[in-house]
Amino acid sequence: MPTEAQIPGGIEFTNVTKRFVSPTGAVLTAIREVNLSVKPGEFCAVVGPTGCGKSTTLTLAAGLDRPSAGTVRVSGKPVEGITKGASFVFQTDALLPWKSVLANVALGATFRGLPKKQSYDMARNWLKTVGLSGFEDHYPHQLSGGMRKRVALAAALMNEPTLLLMDEPFSALDVQTRAIMSNELLAMWDKLKPTVLFVTHDLEEAIALADKVAVITAGPGTVKAVFEVDLPRPRGAVQEIRFQKRFLELYQQIWEALREEVSRAYSRVTAPGTGAAA
């Protein structure tokens with residue numbers, strides 16, 4: 001009988017530390033002794049100040065990098081290569097500009113060896129799901145920012161991942177488009193129920209989307225606290241849930257933990273000799 005961590009998509013960080021060597025030869029610690037567990041099918045948001053190592057957790061879970069110490073497990077197995085069944089949605093557009101929208105969405109299936117016709121038929125269905133029927137032959141530069149994000153989501157979800165890793169995917173969008181994309185993400189997540197690790201600077205976004213929110217300390221980052229989001233699902237429109245009493249209570253609780261870390265990070269970059277804040 002598999003344990004919960006061994007069910008496809010479960011993530012376990014155990015005392016994970018990641019160090020990098022700078023161009024000058026200095027050793028920089030991005031995250032330190034991170035312990036975090038995400039259940040299969042759970043939506044976990046990660047928040048913290050700039051430079052605390054939030055995105056590093058995603059690259060380690062994806063197998064794009066290795067921890068300097070500790071262990072990262074996905075589906076109960078140590079991550080030793082590219083994580084099988086994972087899809088990654090980046091902050092910036094990761095679409096190939098010389099390929100059509102249809103070809104971009106079909107790319108993952110093509111790499112997996114599916115026949116071209118089957119891959120393209122699946123891609124058309126996913127473009128219909130994200131509301132982009134009729135744009136199959138367009139190229140990324142011909143789309144708005146929100147439309148490009150829809151293409152990226154379709155490409156990520158078409159592979160039916162057990163693990164969906166998202167690095168501030170909506171940060172460059174305007175407020176209205178961001179809300180629309182958040183609603184669409186929840187709807188699609190509800191259909192497939194992949195495990196989600198979602199990095200964001202937006203605390204409201206984190207609470208509106210997630211089952212739980214992990215607060216990371218100012219760098220080198222470690223998990224300061226994890227808050228369960230007990231808002232009922234389906235959540236409905238994220239624009240409306242933010243006015244609920246329980247949402248506001250959760251926001252206050254999590255912000256209390258996050259505010260100190262944001263202040264610490266800001267103090268570091270504005271201290272004499274460190275230059276102006278970014």
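Computation of the quantities below employed the complete heavy-atom set of this structure, encompassing side-chain atoms and omitting hydrogens, waters and symmetry-equivalent molecules.
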Tell me whether the count of non-hydrogen atoms from other residues, nucleotides or ligands lying under 6.0 Å of NZ in K84 goes above 12. no
Are the side chains of R73 and P78 in touch, meaning some heavy atoms are under 4.5 Å apart? yes
Within the distance-only criterion (no hydrogens, no angle test), does the side chain of T17 pair as donor or acceptor with the backbone N or O of S68 below 3.5 angstrom? no
Once side-chain contact (heavy atoms from CB on, under 4.5 Å) is applied, do any residues pair with D121, and if so which ones, sequence neighbours excluded? K117, R124
So, using side-chain hydrogen bond (donor to acceptor under 3.5 Å, both in side chains) as the criterion, who are the partners of S37 when residues are at least two apart? E12
Apart from F111 itself, which Ile, Leu, Val, Met, Phe, Trp or Tyr residues share its cluster (side-chain heavy atoms under 4.5 Å, direct or through members)? L96, W98, L107
side-chain contact (heavy atoms from CB on, under 4.5 Å) filter on L64, not counting sequence neighbours, yields T59, A62, I82, F88
Tell me, please, which residues at least two apart from F135 pass ring pair (Phe, Tyr, Trp, His ring centres under 6.0 Å). H138
Does a donor on one side chain and an acceptor on the other come within less than 3.5 Å for Q252 and E256? yes
Please identify each residue that fulfils side-chain contact (heavy atoms from CB on, under 4.5 Å) with T110, with sequence neighbours left out. A106, S119
Is a side-chain donor or acceptor of D174 paired with a backbone partner of Q176 at a separation under 3.5 angstrom? yes
Any carboxylate oxygen within less than 4.0 angstrom of a Lys/Arg side-chain nitrogen, looking at D202 and R178? yes
Any chance the side chains of Q91 and S171 put a donor and an acceptor closer than 3.5 Å? yes
Report yes or no: is the cationic atom of K128 (NZ for Lys, CZ for Arg) under 6.0 Å from the centre of the six-membered ring of W126, at an angle within 45° of the ring normal? no
Is a side-chain donor or acceptor of T71 paired with a backbone partner of T14 at a separation under 3.5 angstrom? no
How about I31 and L60: do any of their side-chain heavy atoms sit closer than 4.5 Å? yes
